[in-house]
Protein chains: 2
Amino acid sequence: MSIAIENFVKAIYNNNSHNARNTKPGNIAKKLGISSAAATDMAKKLAAKDLLHYEKYQELQLTEKGKKMAMNIVRKHRLWEAFLFKMFDMSLHDIHKEAELLEHQTSDLLAEKISAYLGHPKFDPHGDPIPNADGKITTVDTSVALSQAIETKTYIISRLTSDDKEFFEFCAQHKLKYGNEVTVTKQFKKNKMTELSVNKNTILLNEDFSTLIYVNEINQ
Amino acid sequence: MSIAIENFVKAIYNNNSHNARNTKPGNIAKKLGISSAAATDMAKKLAAKDLLHYEKYQELQLTEKGKKMAMNIVRKHRLWEAFLFKMFDMSLHDIHKEAELLEHQTSDLLAEKISAYLGHPKFDPHGDPIPNADGKITTVDTSVALSQAIETKTYIISRLTSDDKEFFEFCAQHKLKYGNEVTVTKQFKKNKMTELSVNKNTILLNEDFSTLIYVNEINQ
DNA sequence: ATTAATTTTTAAGTTGACTTAAAAAAGTTT
DNA sequence: AAACTTTTTTAAGTCAACTTAAAAATTAAT
């Protein structure tokens with residue numbers, strides 16, 4: 001399976017994994033930086049390979065086979081993140097970029113060696129759970145993307161699933177970091193904006209960012 | 001630059017680095033497992049990119065730019081070999097295969113981190129020299145491929161630049177390993193065969209194998 | 001030095017992963 | 001519910017990296 005296919009399947013998995021809004025070709029295309037047309041083509045191709053279910057104009061859904069493939073790639077990505085984080089003094093952003101490349105060129109054998117070396121960790125440095133060799137996540141994850149959070153509720157940030165520098169800089173500037181409290185004041189469904197209050201400041205996030213920040217409800 | 005280009009340039013470098021016999025497209029194609037036609041096409045393309053000199057029916061020669069690129073890839077390959085060898089209990093054959101993939105997805109930054117972690121090693125586990133970050137090899141290498149060795153002379157094996165399992169198995173079977181003595185009894189120029197004596201046994205190698213075994217003359 | 005064998009090149013075609021532009025369907029607004 | 005906007009799909013085309021088969025050139029052999 002090619003790198004393009006692996007990235008496509010992974011993008012769907014990442015999008016679906018936290019009940020995100022939209023898993024149609026156009027949205028996946030946006031995440032991958034390709035045209036919608038290319039994504040539609042790819043979706044048809046992967047349906048023929050039994051990696052996902054495709055019906056015109058409907059949401060894309062991974063098959064069991066597709067999920068397994070996605071988990072395998074996600075596992076390698078997160079193992080590399082954890083490994084590079086432990087071994088070298090590099091920024092999380094740089095580590096993410098390296099893992100994004102290395103994940104596609106890593107045998108199951110090497111992944112297992114890395115996992116063993118790290119003592120089979122359950123989470124990567126972002127707080128994302130690492131699937132085991134069977135593609136199963138054994139930890140319970142109750143976090144949701146901010147885009148899915150409920151108005152008036154208060155949450156704690158559990159992770160930032162960053163893709164780019166801009167996002168990181170924005171988070172740093174607005175005190176959006178692991179462990180901090182945020183209260184969702186408004187969800188604008190039409191414009192897909194999320195308004196929140198952090199440290200008495202009000203922040204407005206568009207969907208690009210609100211789907212990258214995961215939070216847990218405060219139990220009181 | 002694509003992986004295909006990187007592998008092509010690397011194959012020429014590896015072929016040229018020890019005054020091997022033939023650097024025409026057909027031979028490079030053979031090493032890469034592609035057709036001669038594809039190799040000719042690629043050679044023309046890379047000539048246009050100023051990575052090599054191409055003239056019909058002549059040997060391919062890397063330009064300075066091409067050499068620099070090759071050294072960068074070779075550096076990453078050998079650093080990965082050294083790193084994986086140190087970190088994990090894996091066979092040299094498996095390590096080689098991983099390095100073959102990882103080398104193309106490794107930033108200069110990560111390569112430097114790996115190098116520093118290892119204390120900037122000069123050689124990989126096969127005995128191959130590791131170029132520095134500027135693409136220079138600072139150690140002196142007097143070894144030659146067995147295909148280039150001189151009749152009646154006795155040598156010590158300095159490294160096996162293996163690509164495949166078959167080769168490894170052959171070497172193990174015939175006591176061709178690092179540090180062992182071999183005497184070249186005959187070079188058959190026409191058939192490109194090399195005859196040697198190891199431990200009083202006579203071995204006949206074809207060009208596929210004799211170009212993968214590097215030896216140093218015994219100074220007496 | 002011809003002939004024969006081998007290798008390289010050219011030519012034409014395939015496949016995967018894209019693109020842009022237009023057509024079709026879906027979703028939204030009033 | 002009609003009109004407008006947005007999204008998805010279709011259609012046609014590009015580009016890189018291959019392939020096979022035939023033609024051209026080189027190399028080797030008698």
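Note on naming: letters A, B, ... go to the chains in the order of the sequence lines (proteins, then strands), and numbering restarts at 1 for each one.
- For the pair B:I3 CD1 and C:dG16 P, the interatomic distance rounds to 17 Å; values are reported in whole Å.
- Residues A:C171 and A:I213 approach most closely at SG-CD1, 4.4 Å, considering heavy atoms.
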Worksheet item: How does each nucleotide of nucleotides 5-15 of chain D score, in 5' to 3' order, for protein heavy atoms under 4.0 Å: base (B), sugar-phosphate only (S), or none (-)?
Response: ---SBB-----
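- Within a 6.0 Å radius of CD in B:E112, other residues, nucleotides and ligands contribute more than 12 heavy atoms.
- Between B:K30 atom NZ and C:dT7 atom P the separation is 8 Å, expressed in whole Å.
- How far CG of A:L176 is from CG of A:L196: 6.5 Å, rounded to the nearest 0.5 Å.
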Find every protein N or O atom lying less than 3.5 Å from an N or O atom of nucleotides 2-4 of chain C, and list the pairs.
none

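- Protein atom CE of B:M1 is 12 Å distant from nucleotide atom P of D:dA16, rounded to whole Å.
- The environment of B:Y54 atom OH is dense: over 12 non-hydrogen atoms of other residues, nucleotides or ligands sit within 6.0 angstrom.
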Worksheet item: Does the pair B:K10 and B:E103 meet the rule for a salt bridge (charged side-chain N to carboxylate O under 4.0 Å, His left out), with working shown?
Response: CA-CA 11 Å; B:K10 192 181 74 162; B:E103 63 187 11; 2.8 Å; yes
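- Side-chain contact annotation: A:Q187 with A:T194, donor-acceptor N/O pair under 3.5 Å present.
- The aromatic rings of B:W80 and B:F83 sit perpendicular, their planes meeting at an angle over 60°, well past the 30° parallel limit.
- The side chain of B:S35 contributes an N or O atom lying less than 4.0 Å from OP1 or OP2 of D:dT19.
- A side-chain donor from one of A:H96 and A:E81 sits under 3.5 Å from a side-chain acceptor of the other.
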